[in-house]
Structure formats: C-alpha cells, structure tokens
There are 2 protein chains.
Amino acid sequence: MKDLTARQRQILNFIRSKQDSEGLAPTFREIASHFRFRSPNAALAHVQALCQKGFLKHLPGRARSFFALDQEGSGWTLPHGRGSVRVVSVPIYGSIPAGLPQDASQEQEGCVLIDVETLGIKPTARTFGLKVRGDSMLGRNIVDGDIAIVEHGVQPRPGDVVAALIDGQVTLKTFIMQRGKPYLRAENPRYPSLVPQEELQIQGVMVALVRKRK
Amino acid sequence: MKDLTARQRQILNFIRSKQDSEGLAPTFREIASHFRFRSPNAALAHVQALCQKGFLKHLPGRARSFFALDQEGSGWTLPHGRGSVRVVSVPIYGSIPAGLPQDASQEQEGCVLIDVETLGIKPTARTFGLKVRGDSMLGRNIVDGDIAIVEHGVQPRPGDVVAALIDGQVTLKTFIMQRGKPYLRAENPRYPSLVPQEELQIQGVMVALVRKRK
DNA sequence: CTTCATACTGTACAAATGTCCAGTATTTAG
DNA sequence: CTAAATACTGGACATTTGTACAGTATGAAG
C-alpha cells in the first residue's frame, strides 16, 4: 500500500474529522474552502489520489459520498451522541497456538466489538480476545468464561494481567517485579505461584474484560 | 413525544437502513424512488413531519443531511467478516436517580458500545451501563470500577445479578428464591445479606460486565 | 357537512454539487 | 537537464439535490 503525501493526509484527516464532528462528509467545495483552494478541483484531485491509493472510497456523482477506508486495524467510526466513537472488532480465541495468531480464523470462537475509548487502546496494536478457562485468575476476580481483551506489543506494568505462553498453552498471569526482576504470578493457590519471566513468552497485556450472563 | 404514523415510521426506517447499509443518508429523490413516489415532495413532507416530531434532524440546503435522533433502538449494523454485527451504544451512569433514566444525559459518565450478540440482548430493550462503586459484589467477582451492563424490563432468573433501587440508591444484588419467595442477597459479608424483594424496586438484570485496565 | 391532518402528484427553479478541460508552478526521481 | 508526480488556479457545464407553489384524494374528528 502506497504512502500518502503530507497534503493528502491532511485532506483525509479533514474528511474524517468532518464526518466525526458533524456526522456528514464534506463536499468538494467544502474541502476546498477549508484549505483555501479557489477551485474545487484541487480537492477533487486529492480525493482521486486518495481513492487510487486505497485510503478513500467515493461514489461518483453522489453528494458527500466519501468513505474513509481504515487502513490500520479493522474498525469503524460511528456517530454517537454529539461526537463519534471508534470501534474495533476483536476476535475471540479459545486457545492460541504458539506464536501470535496470524490469520488463525479457524480457532476463532467469535467476536466482540469494543469502542476504543473504553479500552484506551491504540487501534494500530494487535488486539484479540481470549476466553478464560478455569479459575487460575480468581484472585483477580476473573472467572471461567470471561473474555480477556489482550493487546499485543505493549509493555506490561507491574500488577498487570498478562497472557503468557507456557508449554504451548496460553495462561493469564499477573506480571510483577521483585528485586528488579520480572516474575509471573498465578492468582490461585493451586497453581505454581512464581515463574521467572525468562522461561516464557508474554503474548500481551489484558486491557479489558468482558463477561456475559451465563 | 408524539407518535409516528405507519408511513412516517417506514420513511424513518428507510433513512436509517440506508445509513446503516451504505453509510450514506439518502436524498429526497432516493426516498421518493424507493417508495415509488413520483415527486420528491412527498419525501420532503414526511421528513419535515419527522423533524417536527423530533425523530430526525435535517440541515436545510445540504445534501443527504439526515440524522436519525435515536429514540429507542439506537444502534448500528456493521459489516463484519462475512456477515454483519449489530451494535448498540450503552450510556454509563455513575448513579441512577429514582425511576428509570429517561434523558438523564447530565448524569451520564460515558458510553460503551457493545455488539448485541455478545450480550444476547434484544435491541429494543432499554439497556444501560452502571459503574460499580465499592466491593459489595466481590463474591460474584465484580469489583470497584467495573461497568455492569443492565437490561431493564427483563425477568430475573434465580442467581442473576440485578440492579435494585434501595433508599434512592442503586445497588447490585443477587436475585434468589427461597421457599418460593424472591430475595436479594448482597455478596459481601459487611452488608445486610437478605432483603425481601417487596421492599424495593428492581431496575434491571445484569447481562454483561465490562472491565477496563486501571 | 365541514375542517383538518395525512398522503400524495406535477411542475418548476435555484442552489448545491460533481466533474471535465486547459493551464501554471514546484518538487522529486532519474 | 528532463520527465513525472504533486499541488494548485480558473472557467465552465451538467447533474444532483433541496425546496417552493399549486393541486388531488382520503379518512378521521367535530
């Protein structure tokens, strides 16, 4: 996917922001007016460039028919109240094979949609849901059947719940520091309590939790 | 708020569905065409009626500037994978005044977006989020800061967590039956454990729970 | 019966809007 | 230097679109 020029990104952002703030995409002339173009053609040219590069969709002949095609991360920007919310679709995995789920759509058990602000995540980060099995995290009030929303590639802070890969199995543990060294702690007395962090691979940090009625 | 006629509701639904499915509100002529009107004026008249009754907003002079003002079933249908998902926006209240929140937008603390399937709710039912204060539901692994998604107008089943109004305060309790009589149980030893159900008003049943990272 | 609201038809026009053509700088890549 | 891409100006035109005015028909309310 080609990159955008600075100007093109400005145009795209303007279209997005108009859609977000007013719930209505701008016209070519409104774009031109905002950037002080004296002709709608400059706007047209930019829009065409954006379409060609796959960042925008435009239905020819129809007013205000701009659709920002989200490049990074699937997601949508929805009108909401006065402003807007950004939602991402998060796949739910029952178990995660070694490594990161690339396109493990087979193992997928479903989906949750979450608004970005609720989670406080960056839409660029890779996020997935992990169905909790067993009661290893009871001490953190996480029970069987809960869906842990896990974000990959985030530095865990002490006390965070993390998803770690141990013996090919993904488990939730608490990330802690002791004497400057990182450890993982299981939150249930029946499990080995402390694991040195070197022995395993942290898949991600839990940023949210979703629980359904049973 | 006045009621809509059957035809007006059809028009409103069409505008909504167009916005949902195509991401673009229709023009007067597109409305007319869909209903086989031979003039855009019929559409105009209906839109004006909808605006007057407060179900729709329209910016005069601007193309496709329709905004369905969510009366009851706010929500969107998003493309998702092969199919689509329906999402609703759920307001979060820190506290709920007596009665049901009608347009208590002042007390609102934010919003969560949840896909309907995850919750298994009927989009018509009135749903809201309730920010949990304190640890009265620790026994059910619900902690301070959690957001309980509560659905109004649903019959609670024994064992369900319900939101109940006691002394003007909304509290979460467990709904149980004992000898055929309904009771509410607090899930923390420091609280009075059993309350006969007659003394209070059940606001709704918790259908889901959302927890953010602190 | 009359009055009113609802639900349209038909014509028309002006404003909003998309889009084409022909240019001019400026920058970037080779 | 040359060619191509980018970033515009200016004018023009055809559609799309919103909207006003003038009617017709129907059913409900009084």
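Since the model is a prediction, treat every value here as computed from it, not as a measurement. The basis for the numbers below is simple: all heavy atoms, side chains too, and nothing from hydrogens, waters or symmetry mates. Chain A is the first sequence line, chain B the second, and so forth, proteins listed ahead of strands; every chain is numbered from 1.
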Expressed in angstrom and rounded to an integer, what is the separation of A/Gln8 atom CD from C/dT28 atom P? 14 Å
Ignoring backbone atoms, test whether A/His46 places a side-chain nitrogen or oxygen under 4.0 Å from the OP1 or OP2 oxygen of D/dT6. no
Starting at CZ of A/Arg38 and ending at C1' of D/dT9, how long is that distance when rounded to a whole Å? 8 Å
Let's see if you can work this out: which of D/dA7, C/dT17, D/dT6 has an atom nearest to the side-chain heavy atoms of A/Lys53? D/dT6
Regarding A/Arg7, tell me which of base, sugar-phosphate or nothing describes its non-hydrogen contacts under 4.0 Å with the strands shown. sugar-phosphate
Looking at A/Tyr183 versus A/Phe175, is the centre-to-centre ring distance below 6.0 Å? no
When the aromatic ring centroids of B/Phe66 and B/Phe28 are compared, is their separation below 6.0 Å? yes
Rounded interatomic separation in angstrom, taking CG from A/Leu44 and P from D/dG11: 18 Å
From the candidates C/dG18, D/dT6, D/dT17, the one with an atom nearest any side-chain atom of A/His58 is C/dG18
In this structure, CD1 of B/Ile15 is separated from NE2 of B/His46 (nearest 0.5 Å) by 10.5 Å
Report the residue (B/Pro40 or B/Arg62) whose heavy-atom-nearest nucleotide on DNA chain C is the more 5′ of the two. B/Pro40
Classify B/Ala42 by what it touches in the nucleic acid, base, sugar-phosphate, or nothing, heavy-atom distance under 4.0 Å. base
State which of C/dT17, D/dT19, C/dT9 makes the closest approach to the side chain of B/Phe37. C/dT9
Treating B/Gln48 as the side-chain partner and B/Ala45 as the backbone partner, does any N or O pair qualify as donor plus acceptor under 3.5 Å? no
Base, sugar-phosphate, or nothing for A/Ser39, non-hydrogen atoms under 4.0 angstrom? base
Regarding C/dG18, can its base be found pairing with the side chain of A/Arg29 as donor and acceptor, where the two atoms are less than 3.5 Å apart? yes
Scan B/Pro60 against the nucleic acid and name what it touches under 4.0 Å (heavy atoms): base, sugar-phosphate only, or nothing. sugar-phosphate
So B/His34 and B/Phe14, would you call those rings parallel, tilted or perpendicular, with 30° and 60° as cut-offs? parallel
Take the protein atom CD of A/Gln10 and the nucleotide atom C1' of D/dA7, then report the distance between them rounded to whole Å. 12 Å
note: A/Ile31, atom CD1; D/dC8, atom C1'; distance rounded to Å ~ 15 Å
Whole angstroms only, please: what is the CD-P distance between B/Gln48 and D/dG18? 12 Å
Using heavy atoms to find the nearest nucleotide of DNA chain C for B/Ala63 and B/Thr5 separately, return the residue whose nucleotide is more 5′. B/Thr5
Expressed in angstrom and rounded to an integer, what is the separation of A/Phe28 atom CZ from D/dC8 atom C1'? 16 Å
Grab the CZ-P distance between A/Arg64 and C/dA16 for me, whole Å please. 11 Å
